[in-house]
Amino acid sequence: MVKHIVSWSGGKDSSTMLIRMVEEGLPIDDIVFIEVMATPTLGGELPEMYEYIGKMERYIGRKITVVRSVLDFDTVFHQVYQKGQWAGKIYGFPLTRGAWCNSRLKMRTVQKHYKTYGEHIRYVGIAANEPKRLARLKACCRAPLAEWGMTEQDCVEFLKKREMLNPLYQKFKRLGCWFCVKQGLASLRVLRRDYPEYWAMLLEWDKESPRTFKPRYTVSGLEQRFSLEDRQLRLAATDEAPLKAA
């Protein structure tokens with residue numbers, strides 16, 4: 001018998017897909033959340049995401065299967081290249097394009113776990129206004145949002161009406177692992193400000209990595225930049241204070 005598996009990331013699109021499928025009584029045999037691990041014992045998601053998993057379970061009245069990645073970021077980060085120009089060096093931070101973290105951590109886990117279902121249909125949260133992603137859709141996958149004609153903004157409105165929009169969207173435009181090298185500077189500023197313990201881990205990895213965190217920045221370089229910005233903001237606030245008082 002073909003099984004119906006919902007691939008859920010906690011983002012706005014897959015959350016809308018999941019809730020609407022439940023509301024419409026569509027067949028669901030399992031709901032899967034892939035947890036990419038930062039270290040063997042520390043998850044790669046921010047605390048609010050773990051809270052949201054529980055909130056979603058309570059809202060839909062269903063259990064979500066959390067599957068930890070077969071490898072963790074720290075372990076692969078410290079693996080050593082055996083040949084080529086990087087021979088003898090650790091992997092360090094992945095490239096922003098063709099990143100090893102996606103293939104070795106997430107996709108390897110996806111491939112291993114989904115084999116356990118045998119024949120199945122995988123439901124993925126791709127919106128109607130994402131033609132490139134839809135074009136890459138595998139034969140075993142369906143994109144209900146596209147079938148319903150729902151755009152990304154439609155998903156935001158859908159979740160707001162139900163008070164189920166992930167609270168992380170109040171801080172970030174896109175969600176993902178806190179150590180992701182593809183984050184923009186705005187997201188990294190928030191990470192440094194609100195999650196200093198994770199920022200400190202990035203700084204430690206930065207000392208070891210033979211490759212920079214981003215093409216133009218090391219994490220320590222970003223620390224200097226953000227610290228300077230903070231000082232400039234404090235000075236500006238101090239300069240404006242007498243004017244406001246007057």
Run the numbers on F33 and I64 for side-chain contact (heavy atoms from CB on, under 4.5 Å), then give the verdict. CA-CA 7 Å; F33 178 89; I64 293 170; 3.9 Å; yes

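- Hydrophobic clustering keeps V32 apart from M37 (ILVMFWY residues linked when any side-chain heavy atoms are closer than 4.5 Å, directly or through intermediates).
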The test is side-chain contact (heavy atoms from CB on, under 4.5 Å); show your working for V36 and F73 and say whether it passes. CA-CA 8 Å; V36 174; F73 184 84; 5.7 Å; no

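- For R211, the salt bridge (Lys or Arg N to Asp or Glu O under 4.0 Å) test picks out no residue, with sequence neighbours left out.
- Annotation: the span from Q79 atom CD to Y81 atom OH amounts to 10.0 Å, rounded to 0.5 Å.
- Judged by distance alone, with hydrogens and angles left aside, the side-chain atoms of S69 form no donor-acceptor pair with the main-chain N or O of D72 at under 3.5 Å.
- Smallest separation of non-hydrogen atoms from L191 and W199: CD2-CE3, 4.1 Å.
- In this structure, the separation between CD on E35 and CG on L105 is 12.0 Å, given to the nearest 0.5 Å.
- In terms of heavy-atom proximity, G92 sits nearest to P210 at CA-CD, 3.8 Å.
- Under a 4.0 Å N-O distance rule, the pair E163/K160 does not qualify as a salt bridge.
- Counting only heavy atoms from C-beta outward, the side chains of R142 and R122 never approach each other to under 4.5 Å.
- A salt bridge is absent between E51 and K55; no separation between the charged side-chain nitrogens and carboxylate oxygens falls under 4.0 Å.
- In this structure, a donor-acceptor pair under 3.5 Å is absent between the side chains of S209 and D206.
- Sorted by first and then second residue, the side-chain hydrogen bond (donor to acceptor under 3.5 Å, both in side chains) pairs involving residues 88-100 (not counting sequence neighbours) are Y91-R104.
- One distance of note links NE2 of H120 with NZ of K115; it measures 11.5 Å at 0.5 Å rounding.
- Residues F77 and I90 approach most closely at O-CB, 3.6 Å, considering heavy atoms.
- At distances below 3.5 Å, not a single donor-acceptor pair connects side-chain atoms of W148 with backbone N or O atoms of A143.
- Counting Ile, Leu, Val, Met, Phe, Trp and Tyr side chains that sit under 4.5 Å apart, directly or through other members, L137 shares a hydrophobic cluster with V124, I126, L134.
- At a threshold of 4.5 Å between side-chain heavy atoms, the hydrophobic network of Ile, Leu, Val, Met, Phe, Trp and Tyr places Y195 and L185 in one connected group.
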Apply side-chain contact (heavy atoms from CB on, under 4.5 Å) to H4 and D29, showing your working. CA-CA 5 Å; H4 301 267; D29 291 301; 3.7 Å; yes

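- Counting heavy atoms from C-beta on, the side chains of V80 and Q82 come closer than 4.5 Å.
- The aromatic rings of H113 and Y117 lie perpendicular to each other, with more than 60° between the two planes, well past the 30° mark.
- In the hydrophobic cluster analysis, where Ile, Leu, Val, Met, Phe, Trp and Tyr join through side-chain heavy atoms closer than 4.5 angstrom, L228 is grouped apart from L233.
- Atom CD of E197 has more than 12 heavy atoms from other residues, nucleotides or ligands within 6.0 Å.
- Rounding to the nearest 0.5 Å gives a distance of 10.5 Å between CG of L175 and CD of Q183.
- Both cation-pi conditions hold for R162 and F158: the charged atom is under 6.0 angstrom from the six-membered ring centre and inside a 45 degree cone around its axis.
- Contact record, N129 with T151: OD1-CA, 3.6 Å, taken as the closest heavy-atom pair.
- Here the CG-CG distance, from D13 to D154, works out to 10.0 Å after rounding to the nearest 0.5 Å.
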Verdict with reasoning, V219 to F93, per side-chain contact (heavy atoms from CB on, under 4.5 Å): CA-CA 11 Å; V219 182; F93 288 123; 4.1 Å; yes

Throw together a table of side-chain donor-acceptor distances under 3.5 angstrom for residues 14-22, partners on residues two or more places apart or in other chains.
{"unit_1": "S14", "atom_1": "OG", "unit_2": "S9", "atom_2": "N", "d": "3.0"}
{"unit_1": "S14", "atom_1": "OG", "unit_2": "S9", "atom_2": "OG", "d": "3.1"}
{"unit_1": "S15", "atom_1": "OG", "unit_2": "W8", "atom_2": "NE1", "d": "3.0"}
{"unit_1": "S15", "atom_1": "OG", "unit_2": "G11", "atom_2": "O", "d": "2.7"}
{"unit_1": "S15", "atom_1": "OG", "unit_2": "Y52", "atom_2": "OH", "d": "3.4"}
{"unit_1": "T16", "atom_1": "OG1", "unit_2": "K12", "atom_2": "O", "d": "2.9"}
{"unit_1": "T16", "atom_1": "OG1", "unit_2": "C155", "atom_2": "O", "d": "3.3"}
{"unit_1": "R20", "atom_1": "NE", "unit_2": "E24", "atom_2": "OE2", "d": "2.6"}
{"unit_1": "R20", "atom_1": "NH2", "unit_2": "E24", "atom_2": "OE2", "d": "3.3"}

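- Under 3.5 Å, the side chains of E223 and S227 contain a donor-acceptor pair of N or O atoms.
- For the residue pair Y114 and S7, the shortest heavy atom distance occurs at OH-CB, 3.5 Å.
- Using bins of under 30°, 30° to 60° and over 60° for the plane-to-plane angle, the ring pair F179/W205 lands in the perpendicular bin.
- Nearest heavy atom pair, residue P144 against residue Y123, reads CG-CD2, 3.6 Å.
- A donor and an acceptor atom, one from each side chain of T65 and D30, are located under 3.5 Å apart.
- Residues meeting the side chain to side chain contact (heavy atoms under 4.5 Å, CB included) test with V190, sequence neighbours left out: K171, F172, R193, D194.
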After noting the C-alpha distance and the side-chain angles of E152 and R174, does the key distance pass the salt bridge (charged side-chain N to carboxylate O under 4.0 Å, His left out) rule? CA-CA 12 Å; E152 291 179 275; R174 296 284 180 182; 3.2 Å; yes

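- Using a 4.5 Å cut-off between side-chain heavy atoms of Ile, Leu, Val, Met, Phe, Trp and Tyr, with links allowed through other members, V6 and V2 fall into the same hydrophobic cluster.
- Here I31 contributes atom CD1 and M56 contributes atom CE; the two are 9.0 Å apart, rounded to the nearest 0.5 Å.
- Connection of L235 to F226 is not established within any shared hydrophobic cluster, with ILVMFWY side chains joined at heavy-atom distances below 4.5 Å, either directly or through further cluster members.
- Looking at E229 and R189, their side chains come closer than 4.5 Å, going by heavy atoms from C-beta outward.
- Ionic pairing of E119 and K3 is not present here: no N-O contact between side-chain nitrogen and carboxylate oxygen is shorter than 4.0 angstrom.
- In summary, the side chains of Y198 and R192 do not present any donor paired with an acceptor at a separation below 3.5 Å, with no hydrogens or angles considered.
- With sequence neighbours left out, Y169 forms a ring-ring contact (aromatic ring centres under 6.0 Å, His included) with no residue at all.
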